[in-house]
Structure formats: C-alpha cells, structure tokens
Amino acid sequence: MKLTNTWKHLQGGCVAAVTIIAVEWLLHIIFDDYSGGLSGWFAVVWGFFTLGWERAQFYAATEPEKGVEKKLMSPRQYWQTKWLDTIVDLIAGNAPVWLMLAAAGLI
C-alpha cells in the first residue's frame, strides 16, 4: 500500500494548529477579560473536519484498474486496501493540532 497524501494531511494539521493559536492570541488581544478555552473546541471541530474529509474519500474511492471504466469500491475493498492510509491520514492531520496546542499551553 502506498501512502499518497499523508504530507498534505500533515501540512493541513500544522496550518490548522497555527490558525487556532493565532485566533486565541487575537481574541486575547481584542477582549481583555478573555481567559481562553476555545482552542480545545477548535481542535475537536478540526478532528470532525478531518473525519468528514476521510469519509468523502471513502465514498469517492474507485478501483485502480487502468483502461477500464472506473467503478466505486465496495466498503470491504476499501478497508482491505486503504485502512492504513486512512488511519495514518487521520493521525497526521490531528496530531500536529493537539501537540502544538499543548506546547502553547492552550489545552
């Protein structure tokens, strides 16, 4: 099995983490009495977004046969061939968010 877009998921996770940190910083500047707390909620929302993205990939997956009309994979075929890619993509997309927010002391 070939992990095709793991770097894109990792980059997306890093961008999401930096965005969440920037939003928290801006909220703290705009509102003097803001004590934080939205970063964990944003991280959970990002997790649901990545799950939705993988779900869309699941429903759009086609059989990799050349020269033949593409047909959708069955769920069994998908999980037999792409289970590792799905798990690695979810980890690569969410781990940077949680690690960067923890390093910044926001969660």
Side-chain angles (χ1 to χ4, degrees):
M1 172 188 307
K2 188 174 167 184
L3 301 175
T4 56
N5 57 356
T6 304
W7 284 107
K8 290 181 184 177
H9 286 270
L10 186 63
Q11 289 172 346
C14 290
V15 168
V18 170
T19 303
I20 293 170
I21 291 170
V23 167
E24 284 283 330
W25 178 69
L26 286 173
L27 287 173
H28 187 69
I29 288 175
I30 293 170
F31 303 106
D32 290 334
D33 59 347
Y34 178 71
S35 62
L38 286 179
S39 56
W41 185 81
F42 287 142
V44 170
V45 168
W46 177 253
F48 281 114
F49 176 78
T50 58
L51 281 172
W53 187 270
E54 287 299 319
R55 183 176 180 266
Q57 285 184 341
F58 170 75
Y59 284 115
T62 57
E63 293 181 8
E65 295 181 25
K66 295 192 178 10
V68 180
E69 181 182 338
K70 292 187 176 192
K71 70 177 196 179
L72 294 176
M73 285 184 171
S74 68
R76 182 177 179 177
Q77 271 181 308
Y78 183 86
W79 288 114
Q80 285 177 343
T81 59
K82 298 188 178 215
W83 66 272
L84 182 62
D85 182 53
T86 300
I87 292 170
V88 170
D89 285 349
L90 287 172
I91 292 170
N94 287 297
V97 172
W98 291 98
L99 292 174
M100 292 173 98
L101 291 179
L106 294 175
I107 56 170

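- Among residues two or more places apart in sequence or in another chain, the side-chain hydrogen bond (donor to acceptor under 3.5 Å, both in side chains) test is passed with Ser39 by none.
- Proximity of Asp85 to Thr6: side-chain heavy atoms (C-beta onward) are separated by under 4.5 Å at one or more points.
- Connection of Val97 to Trp7 is not established within any shared hydrophobic cluster, with ILVMFWY side chains joined at heavy-atom distances below 4.5 Å, either directly or through further cluster members.
- Under the 4.5 Å side-chain heavy-atom criterion for ILVMFWY residues, no single connected hydrophobic cluster contains both Leu38 and Trp25.
- Listed here is the closest heavy atom pair of Asn94 and Gly47: OD1-CA, 3.2 Å.
- Leu99 is not connected to Ile20 by any chain of hydrophobic side-chain contacts under 4.5 Å among Ile, Leu, Val, Met, Phe, Trp and Tyr, and they are in different clusters.
- One hydrophobic cluster, built from ILVMFWY side chains closer than 4.5 Å, cannot hold both Val15 and Trp46; they sit in different ones.
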*asked:* I'd like to know whether Asn5 forms a side-chain contact (heavy atoms from CB on, under 4.5 Å) with Gln57, so could you lay out the CA-CA distance, the side-chain angles of the two residues, the decisive distance to 0.1 Å, and finally the verdict.
replied: CA-CA 11 Å; Asn5 57 356; Gln57 285 184 341; 3.1 Å; yes

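- Taking both residues in full, the closest heavy atoms of Met100 and Ile21 are given as O-CD1, 3.9 Å, listed atom of the first, atom of the second, then distance.
- Hydrophobic clustering places Trp53 together with Val44 (ILVMFWY residues linked when any side-chain heavy atoms are closer than 4.5 Å, directly or through intermediates).
- In this structure, OG1 on Thr86 lies 5.0 Å from CD on Glu54, to the nearest 0.5 angstrom.
- Contact between Pro96 and Gly13 at its shortest, heavy atoms only, is CB-C, 3.9 Å.
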